[in-house]
Amino acid sequence: MAMWQGAMDNRGFQQGSFNSFQSSSSDEDLMDIPGTAMDFSMRDDVPPLDGEIEEDKSYNGGGIGSSNRMMDFLEEPIPGVGTYDDFNTIDWVREKSRDRDRHREITNKSKESTWALIHSVSDAFSGWLLMLLIGLLSGSLAGLIDISAHWMTDLKEGICTGGIWFNHEHCCWNSQHVTFEDRDKCPEWNSWSQLIISTNEIKTILSGFIIRGYLGKWTLIIKTITLVLAVSSGLSLGKEGPLVHVACCCGNILCHCFNKYRKNEAKRREVLSAAAAAGVSVAFGAPIGGVLFSLEEVSYYFPLKTLWRSFFAALVAAFTLRSINPFGNSRLVLFYVEFHTPWHLFELVPFILLGIFGGLWGALFIRTNIAWCRKRKTTQLGKYPVIEVLVMTAITAILAFPNEYTRMSTSELISELFNDCGLLDSSKLCDYENRFNTSKAGELPDRPAGVGVYSAMWQLALTLILKIVITIFTFGMKIPSGLFIPSMAVGAIAGRLLGVGMEQLAYYHHDWAIFNSWCSQGADCITPGLYAMVGAAACLGGVTRMTVSLVVIMFELTGGLEYIVPLMAAAMTSKWVADALGREGIYDAHIRLNGYPFLEAKEEFAHKTLAMDVMKPRRNDPLLTVLTQDSMTVEDVETIISETTYSGFPVVVSRESQRLVGFVLRRDLIISIENARKKQDGVVSTSVIYFTEHSPPVPPYTPPTLKLRNILDLSPFTVTDLTPMEIVVDIFRKLGLRQCLVTHNGRLLGIITKKDVLKHIAQMANQDPDSILFN
């Protein structure tokens, strides 16, 4: 006993906390992916164990008479094992495997009792219940944001004495002293002069990256409040993009109410994909477009089951927003519009011109905005985000106030540009000379532009220049800033300018060959609002590179199938032109700027390199850090953890054979060893760690061994050293791997991580491979 007590008094046997070893780990080696089971025979390396040896798990402190004992602290799940550190990539294959095991266990237990059957049914229904809750919460928050933003926008100009909670429009609706023509002027609304004399991370998170707090409750609360303030401030930004973030926050928070989604990162990302669809649904009143947006633009993994649930969540969110009716017109968005005049084949030419403009605008915006954001990150400017916001707000206010089209909110501007002028419209854009004589009630032919139209054209031209410039510097500031609405505003202005030009050209030259076959004098030939809508779609497509989802969103905004072809022509032309000038959309560009480990699935890898050209270690590099299955002590493992930043380690039979056994995560090792030190007596620095199924007998008076086989991934994905990188990249994309191990004739050679793949792709594209820094 004295000998054992003396050993326990040795510093190496102290039961200290293991927090000192939890150094920040880079995602470069954060790898552990179950994929394809590899069968490595170890008969030549591991001698057969004595069948009479039994494993005694009842160790209680040990003494001279104690028998050999193997400590296994992973019989019951340990909190934290199997989870991920912040700013690390999840293991898609392992998460899906866990969910299959969980589902199989629930199904088997459902046959044992009625309560187990009820639990099985509730588990199956929990996904739909979660979608219902996400839709209800997203729609409610969107309605709150819409109403608050509209109210605060009007609050800058005046206040309603009949009810402070009414905005300008609602205030005058309730007035008994106003006519339809003067509906914006009512005695209940008082201007201040009368009273006073004077959204890229979602995409990265959905690809499997961990960013703690980005979708938490405080983010939701702060985002909801600040989004109202940012939109109503008059800055060149929109709420539609941040609404996707708000919806994803709702989905992430509600996931914690269901064990199936709280404990599985892959299942949670299916929910976030559906939440993104709900966000676009309430942003544009486009449930189908929202589902397609999630599928086309943001989701990394989108199974058929997620498609159905995304549609359900988008439907519930749109229904909830419709019930709230934030704009008082039974529409989900402020700029909903219906056109009644058919378009003509010749008009495809100006529609394609708008597509070219949208592509040029998209390429210009991405390059200049990324250059400005890079300057913000690499200079002193990035250290003063509050001052930057205040200065930009002041500049915007000074430049925007003199022009009525820059003074109004961007959503109202788009609504006015989309508008199809009627006889009772008082806008300057509808100030035409009424020189017509029609026998058909309701028909309003093309008319010559009046003074108001020409004045509006000059103001819109100045607005276009200001919007282009100011949006470049606004997007990316430390405020909720959506890009959908500013991009649509730029395109809508350009489209309306072109539309009015085409309208006047057709009116004064209807006898030209290009018009006389379909546009007679006194007919309603050109709809400028349609040109504004097509221009909005073109510019939004040029910036985001959306195609199918963009056309469907715009189609749902107009409520008619007749204009799908113009929208398709403009969207595709915009994408082709923008892709010719730069392959990245704005979200991909910001992902690359921030160094997030996002592996783009749309790009093809066409270089003829091999796995051995990318794996680590390279020639002349230190040997790969590995653990052995039965010959390392706790102290040896702790030393490796403290001296490296790798996020996982291959486990081999022995350093001589390099036969692969499996792969273990750094985080799981730390948690398991720390848990063993705290909860079990006798586990000390000299305790041997075993990753094998059985352990050989140990001499008396030695500390018990520690069995960690349960945290070992026995089926890490492996490739041979001669595997083409084209196949390796495809594997990483389709399986969502964090890393794969490289072998040669069954012997471990090296490792390829997701970061290595991203660096290699950047190097092959003549880009800086060190830009993948996760900063």
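In this structure, Phe351 and Tyr531 have tilted ring planes: the angle between them lies in the 30° to 60° band. Ring geometry for Phe484 against Tyr587 counts as tilted: the plane angle lies between 30° and 60°, on a 0 to 90° scale.
Taking the six-membered ring where the residue is Trp, the centroids of Tyr563 and Trp343 are separated by 6.0 Å or more.
Within the model, atoms OG of Ser574 and CG of Leu360 stand 9.0 Å from one another, a figure rounded to the nearest 0.5 Å. Rounded to the nearest 0.5 Å, atoms CD (Glu584) and NE2 (His590) are 10.5 Å apart.
Inter-residue side-chain proximity for Val490 and Phe365 is flagged as unmet; no heavy-atom pair is nearer than 4.5 Å. Contact annotation: the side chain of Leu550 never approaches that of Glu296 to less than 4.5 Å [non-hydrogen atoms, C-beta and beyond]. Annotation: side chain of Met457 is in contact with side chain of Leu429 (closest heavy-atom distance under 4.5 Å). Put simply, the side chain of Ile526 reaches to within 4.5 Å of the side chain of Glu347, judged on heavy atoms. Phe475 has its side chain within reach of Ile586: a pair of non-hydrogen atoms, C-beta onward, lies under 4.5 Å apart. For the pair Ile485/Leu237, no side-chain contact is recorded, criterion being any heavy-atom separation below 4.5 Å from C-beta on. Between Lys223 and Cys249 the shortest side-chain heavy-atom distance does not fall below 4.5 Å.
Residues Leu417 and Ala492 come closest through the heavy atom pair CD1-CB, 3.6 Å. Across all non-hydrogen atoms, the minimal contact from Arg545 to Gly582 is NH1-O, 2.7 Å. For Pro287 against Glu556, the heavy-atom pair with the smallest separation is CD-OE1, 3.2 Å. Heavy atoms only, all atoms of each residue included: Cys430 and Asn419 are closest at SG-ND2, 4.0 Å. Considering every non-hydrogen atom in both Cys248 and Ala275, the closest pair reads CA-CB, 3.8 Å.
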Would you tabulate the side-chain donor-acceptor contacts of residues 308-319 under 3.5 Å, counting partners in other chains and residues two or more places apart, or write 'none'?
from, atom 1, to, atom 2, distance (Å)
Arg309, NH1, Tyr261, OH, 3.1
Ser310, OG, Thr306, O, 2.6

Less than 3.5 Å apart, which donor and acceptor atoms pair up between the side chains of residues 459-470 and the rest of the protein, not counting sequence neighbours?
from, atom 1, to, atom 2, distance (Å)
Gln459, OE1, Lys428, NZ, 2.4
Thr463, OG1, Asn403, ND2, 3.1
Thr463, OG1, Gln459, O, 2.7
Lys467, NZ, Thr410, OG1, 3.3

Using side-chain contact (heavy atoms from CB on, under 4.5 Å), reason through Thr406 and Leu399 one step at a time and then give a plain yes or no.
CA-CA 8 Å; Thr406 53; Leu399 296 178; over 6 Å; no
The test is side-chain contact (heavy atoms from CB on, under 4.5 Å); show your working for Phe284 and Leu243 and say whether it passes.
CA-CA 10 Å; Phe284 291 99; Leu243 274 177; over 6 Å; no
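Within a 6.0 Å sphere centred on CZ of Phe401, other residues, nucleotides and ligands contribute 12 heavy atoms or fewer.
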